[in-house]
Structures are given as C-alpha cells and as structure tokens.
Amino acid sequence: MLKDYYKKYIETGFDKKGTLNHFKLNCPDDFNFSYDIIDKYAELEPNARALVWVNAKGQERTFTFEQLSKASTQAANLFASKGIKYGDCVKLVLKGHYQFWLAMLGLEKLGAVAVPATHMLTAKDYIYRFEQAEVKHIVLTGDDPAVAQSVEEADRESGGVLINKFILGEREGWLNFDAELEKQPDTMARIPTKADDMLLLYFTSGTTGYPKMVTHNHRYSLCHTQTALWLNNRYEGLHLTIADTGWAKAMWGKMYGQFILGCAIFVYDYDKFNAVEMLSVVSKYKVTSFCAPPTMYRFFIQEDVKSFDLSALEYCVTAGEALNPEVFERWYEFTGHKLMEGFGQTEMVICVATMPGMEPKPGSMGKPLPLYATDIFDEEGNPAPAGEVGEICIKCNRGDDGLFGGYLKNDELTDSMWYDGLYHTGDTAWKDEDGYFWYVGRNDDMIKSSGYRIGPFEVESVLMTHPLVMECAITGAPDPVRGQVVKATVVLVKDAKVEDEAALIKELQKHVIDNTAPYKYPRIIEFVSELPKTISGKIRRVQIRKEDNA
C-alpha cells in the first residue's frame, strides 16, 4: 500500500495525543527519491493523484504518480542526451510551472545537482551564481522575456559558460523544453547514485551580504517526512504551500514529504500574490492543508474570509518569519483553524514546531522535534534556563540527517556557525516552563539601548495589534546618549486615513507602552509605503539600519 510504504525508510512514534515523539531514518546507501519513491509509487498505485497544477489563466494539469514517473524519466533522458551527467549543476528558474517537478525529478535520476532560483534575479545575480556553483546548464521560465535577457547578458559577461539553455516556449538560441521532452522515451535503466551524493544547492536569500551556498544530499528528501507530519499532510489529501520553487520552502511543502505520505501537491502558478485569488483557489479545489508565511495571512485577514467556502480545509500552518498573535486570533476567528507555527532554515528541515496534537500558544513556534537535539543556549554554550533569551542551536555533527554539511567554498563562515558540537542558527529565542519556544530575532537584529537587550519581534507583535498597522519592522537607530533607540518603520493598512501624523505616532507609542515593557517603545516611528525585503520576501532590517547610519 502506498499509504504505508514510507515506513520502509522511516520509523515514527506518537504519544497519546497523536504528537510525533520519535523519528528515525533507515536510509539505504543507494537511496534516490525519484527512483525509490516516485517510480515505486507509480507501481503501487499508478492512478493515484500526485500533482494538481493550476495557473492564473485558468489552465489546469493533473499528474498521477505513473504520469509523473514517466515524465520525469523523459526529462532525465532529455538532459542525458544533451550531455548533462552525474554531478553537473543545473539551474532551475521555473516559478510555479509544473515543469519544475519534471526537471527536478529527472535530474535526481541522473545524479545531477539542482540549483533552484527565483525568476527575480538580475544579470549580476546570475553571474555570481554561475561562477560560484559552476553552473553550465539552465531550465528557464518562458513567460517573461526580461528573465531570459538577464540570463543571456550574464552568460555573455561570464564568457559563454552555459552549454545548455532550455526554455518553456520558443526563443532563438534556446531549446524548447516541452517540445524536446516529448521526443524522449519514458523508460531508462537506473543510474547508480548514493544517498550521500549532492542533491540540491541553494543560495540563501542574503539579508546581510552575498548569498551563501547550502547543499543537501539525498537523505534530506526523506527527512522532510517530519515536515509533512507537521503540515498534517495525509494520504489522498491535497496540500498547498505558498512558495516559489526557487526557495527551499518549496522542498518543505511542494515536494518530498507530501509525496512520501501519498498526499497530492496543489500548485497555484501566479505572477503576483492576490489574497482574494488565493482564497478562491483554496476554496474551488478543496485544498485540505495549507501553509503560508505570516505576511500572507496578514493580507488574508484584511479580506472577507468568511465569504469563501473553506469547508474542505482541515489544517493551517505558518513559517518563514515570526507569527504575530493578532494574526493568529483573527484567522482563528474567521476560519476556526488555529495556525500551527514552525521554525527551520534553508540549512535543515523543520526543527521546532507546534505539531498535531499540541495546543498552540499564539506567538510561540512550538517545541523541538525528535529528528534534532534542539535547545536554546547561552553565550557560554550552556542550555539556557526557562525565561532566558539565548540562541537556538542543534547538538549534532556536520552532515547529520537533514542538515547541510557546511557552506560550500566558505570554511570560515561554516566554522563561525558550527563549533563546540553545535550548529548555531543565528536566531534567538526563549522557552517557557512548558518547553515552548518564543522567537526574539536574529542575532544581528538585537537592539541594545541604555543597557537593555530588546528583540524586535515582541515590539512588532504589539504594534501589529493596532488596527491601522499592516506591517512593521523594528530596528535600532543610533543615539548619542542611549547607544541605540528603538525605531519602528510602519506600513499602514490600505485606505488608512491619517489626518494628524504626529498624533498617530504618539498613539502608537502609547499602544506599545500599554502592552509591553515601557523601555521597549519606539522613540522613532517612520511611515512608509512598503518595507525593504529580500527577493524571498523577508524584511531587510539590515537595509533600514544601513540607511539610518548613512
């Protein structure tokens, strides 16, 4: 049975409330997700639904496991026919197009390395990535000529490094991916690969400098079963995670764990996020489990959520940034679903979460999961007591299951994050008496004012409860007396009418003073139309600080 096949590779255990308390891999040395999961499921239940794809134009495509298996084999044969081989790095810039899954699984069958990326990269970004990852091949979205132009410019400036350029559609000098795919056979002999071979290479979003290269091996795919259990994915369910395929979050909710558990993946392929459109497709296609970052939930609760039929929706989770309790409460009020938060990084799979069977505490990430020995540590490397802010760290060895083995070509940075038997995430938090973790902020984001250490998240959470605040970022601004003072950069809700800005600033300051420790209130408040963000959507507090220090 497809439903239980994953138990061949993974041991799990659950407490009386149904909460995961044991997770262990039994991964053979030659494990390959594309062969051992996708192709095997095509044998067990060939007609089982695997992928449902819909785009903003109304086009639809559904793949069964058998169809996905054959199409990915065609992709492998196509790549091999063009000289792509074991160990080669291939860049995938495919947005939400279904061809991403065919290309990704095809590369796995060859033992090649996928290098996913967002379509928002510039020519300069491509040049950096071509050089650092030694990329010689690319598969590109074809719906925006400017994207192809950026790649062509980067290729020229890099001396013509690209051997193969595939595009979805027709363009001079490029291979038409779909047309070439149809020419290929849908059978092939298994190519030997190892579970410890490189599977994926990601460039992090780079909130503080050049992006880092994070690599994962084939064991990583199995570890995402823990992620899927957090998402409450189930056999014959339909899961939607809002994430571009260029980001590691796509592996969390659009690839491995869902397929392993026999849960179909729903993909909405769009150009620009629209809350009403997203709620409409969740309703129309009967999505059963759903994951989105807190920012998007903030947009959802600005709409008439109750006007959508969300009766098929069984479970909602969030990750990617800290969740404000106000968003939690409003979503629960509108849908009856409690947002179950989780925490992880590109460097790993999920490590802290509010799992099924746990009662969520609004604003808390949850508790450590069994795959990793995760705790909060003080500056001396000792576990921090309840209530004390410290750094989230994992006691482990480099390359343990689900964890990256270090930053490629950057031993110095690796050593700065991985020492004394701990992987240092760079994120700070504290835990309560029940063992729940509460996020504080990145180490770089901590504010030191008049001897106080202030994390941005708590102040942001309070500001977010004010009815006029849509988004905000808390940073430290230089001050000759206090060293730093708390600054709030605020985006107001749409159609907000402000007749007296000075009065609103005082109102927001009082709102913070009334709801948290007075020393944390923002002495500076600036209103903006939008916050600076990375191309993955994370707030760039470093840019705000840089402008304040200019």
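Bear in mind the structure is a predicted one, so any value in this text is a computation, not a measurement.
Between W230 and W252, the two ring planes are perpendicular [angle over 60°; tilted spans 30° to 60°]. Ring geometry for W418 against F404 counts as tilted: the plane angle lies between 30° and 60°, on a 0 to 90° scale. Using a 30° and 60° split on the angle between ring planes, F300 and W331 fall in the tilted class, from 30° to 60°. Classification of the Y220-H224 ring pair by plane angle, with boundaries at 30° and 60°, yields perpendicular.
By the side-chain hydrogen bond (donor to acceptor under 3.5 Å, both in side chains) test, K91 pairs with no residue at all, sequence neighbours left out.
Although no hydrogens or angles enter the test, the distance criterion places a donor-acceptor pair under 3.5 Å between the side chain of T335 and the main chain of H337. T204 places a side-chain N or O within donor-acceptor distance of the main-chain N or O of K212, the cut-off being under 3.5 Å. Of the possible polar contacts, one joining the N176 side chain to the A179 backbone as a donor-acceptor pair under 3.5 Å is found. Under the 3.5 Å distance criterion, the side-chain polar atoms of T475 are left unmatched by any main-chain donor or acceptor of I544. Side-chain atoms of N32 come within 3.5 Å of backbone atoms of E108 as a donor-acceptor pair (strictly under, hydrogens ignored).
Considering CZ of F33 and OG1 of T193, their distance stands at 13.0 Å, rounded to 0.5 Å. Taking CD1 from I394 and CD1 from I392, the interatomic distance works out to 9.0 Å, rounded to the nearest 0.5 Å. Taken to the nearest 0.5 Å, the CG atom of L110 stands 9.5 Å off from the OG atom of S34. Rounding to the nearest 0.5 angstrom, the gap separating the CE atom in M470 from the CZ atom in R298 is 7.0 Å. For the atom pair CG (L408) and CG (L413), the distance works out to 11.5 Å, reported to the nearest 0.5 Å. Residue L279 holds its CG atom at 8.0 Å from OG of S307, rounded to the nearest 0.5 Å.
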Discussion item. Salt bridge (charged side-chain N to carboxylate O under 4.0 Å, His left out), that's the test. Do K494 and E303 meet it? Break it down for me.
Written reply: CA-CA 11 Å; K494 61 180 180 180; E303 306 298 338; 3.3 Å; yes
Worksheet entry | V161/E131 under side-chain contact (heavy atoms from CB on, under 4.5 Å): CA gap, chis, key distance, verdict | CA-CA 9 Å; V161 296; E131 178 183 346; over 6 Å; no
Worksheet item: Taking it one step at a time, do E277 and Y268 satisfy side chain to side chain donor-acceptor pair (under 3.5 Å)?
Response: CA-CA 10 Å; E277 288 180 5; Y268 181 48; 3.3 Å; yes
Item to complete: Report the C-alpha separation of V54 and R61 in whole Å, then their side-chain angles, then the decisive distance to 0.1 Å, and conclude whether the side-chain contact (heavy atoms from CB on, under 4.5 Å) test is met.
Response: CA-CA 7 Å; V54 179; R61 185 84 185 263; over 6 Å; no
Fill in: Derivation and outcome, side-chain contact (heavy atoms from CB on, under 4.5 Å), residues Y423 and M417
CA-CA 6 Å; Y423 166 61; M417 302 293 287; 4.2 Å; yes
Worksheet item: Given E180 and K183, is the salt bridge (charged side-chain N to carboxylate O under 4.0 Å, His left out) satisfied, shown in steps?
Response: CA-CA 5 Å; E180 295 293 328; K183 302 174 185 177; 3.3 Å; yes
Item to complete: Decide yes or no on side-chain contact (heavy atoms from CB on, under 4.5 Å) for K286 and D309, but give the supporting numbers first.
Response: CA-CA 9 Å; K286 308 301 180 185; D309 179 10; 3.4 Å; yes
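Around atom CD of E412, no more than 12 heavy atoms belonging to other residues, nucleotides or ligands sit under 6.0 Å away. Within 6.0 Å of NZ on K409 lie more than 12 heavy atoms contributed by other residues, nucleotides or ligands.
Salt bridge status for E460 with R541: present, with a side-chain N to carboxylate O gap under 4.0 Å. Contact check on E314 versus R234 returns a salt bridge, with a Lys/Arg side-chain nitrogen under 4.0 Å from an Asp/Glu carboxylate oxygen. For D196 and R219, the salt-bridge test passes: some basic side-chain N is under 4.0 Å from an acidic carboxylate O. For the pair K57 and D143, the salt-bridge criterion is not met [side-chain N within less than 4.0 Å of a carboxylate O].
Taking 4.5 Å as the limit, some side-chain heavy atom of L240 sits within range of a side-chain heavy atom of M278. At a threshold of 4.5 Å between non-hydrogen side-chain atoms, the residues M104 and M255 count as touching. In this structure the side chain of K533 reaches within 4.5 angstrom of the side chain of E471, judged on heavy atoms. Between V493 and Q302, some side-chain heavy-atom pair lies under the 4.5 Å cut-off. In this structure the side chain of P211 reaches within 4.5 angstrom of the side chain of R129, judged on heavy atoms. K254 places none of its side-chain heavy atoms less than 4.5 Å from the side chain of C291. For the pair V214/H216, a side-chain contact is recorded, criterion being any heavy-atom separation below 4.5 Å from C-beta on. At a threshold of 4.5 Å between non-hydrogen side-chain atoms, the residues T64 and R49 do not count as touching.
When ring centroids are compared, F259 and Y41 stay outside the 6.0 Å threshold. Ring centers of F266 and Y285: under 6.0 Å apart, within the cut-off.
Under 3.5 Å, the side chains of Y35 and R190 contain no donor-acceptor pair of N or O atoms. Q99 and D178 form a side-chain donor-acceptor contact under 3.5 Å, judged by distance and modelled atom types alone. Side-chain contact annotation: Y407 with E347, donor-acceptor N/O pair under 3.5 Å present. Side-chain polar atoms of T73 and K109 form a donor-acceptor pair below 3.5 angstrom. For the residue pair N55 / Q59, a side-chain donor-acceptor distance below 3.5 Å is found, with atom types taken as modelled. For the residue pair S158 / D155, no side-chain donor-acceptor distance below 3.5 Å is found, with atom types taken as modelled. D186 and Q74 share no donor-acceptor pair across their side chains, judged by distance under 3.5 Å alone. Side chains of T141 and H97: a donor on one and an acceptor on the other come within 3.5 Å. Counted by atom type alone, N232 and S289 present zero donor-acceptor pairs between their side chains at under 3.5 Å. Checking Y86 against D197 by side-chain atom types alone, a donor-acceptor pair falls below 3.5 Å.
The two atoms that bring T187 and N77 nearest to each other are O-ND2, 3.2 Å, heavy atoms only. Nearest heavy-atom pair across C27 and A195 is SG-CB, 3.9 Å. Across all non-hydrogen atoms, the minimal contact from A75 to L102 is CB-O, 3.4 Å. When all heavy atoms of Y202 and T245 are compared, the pair lying nearest together is OH-O, 4.4 Å. The shortest non-hydrogen separation linking E172 to E152 is O-OE2, 4.4 Å. Between V276 and N274, the shortest heavy-atom contact is N-OD1, 3.0 Å.
The only member of D271, D269, D244 that meets salt bridge (Lys or Arg N to Asp or Glu O under 4.0 Å) when paired with K95 is D271.
Each ring-ring contact (aromatic ring centres under 6.0 Å, His included) pair with one or both residues in residues 137-182, not counting sequence neighbours, appears once here: F79-F166.
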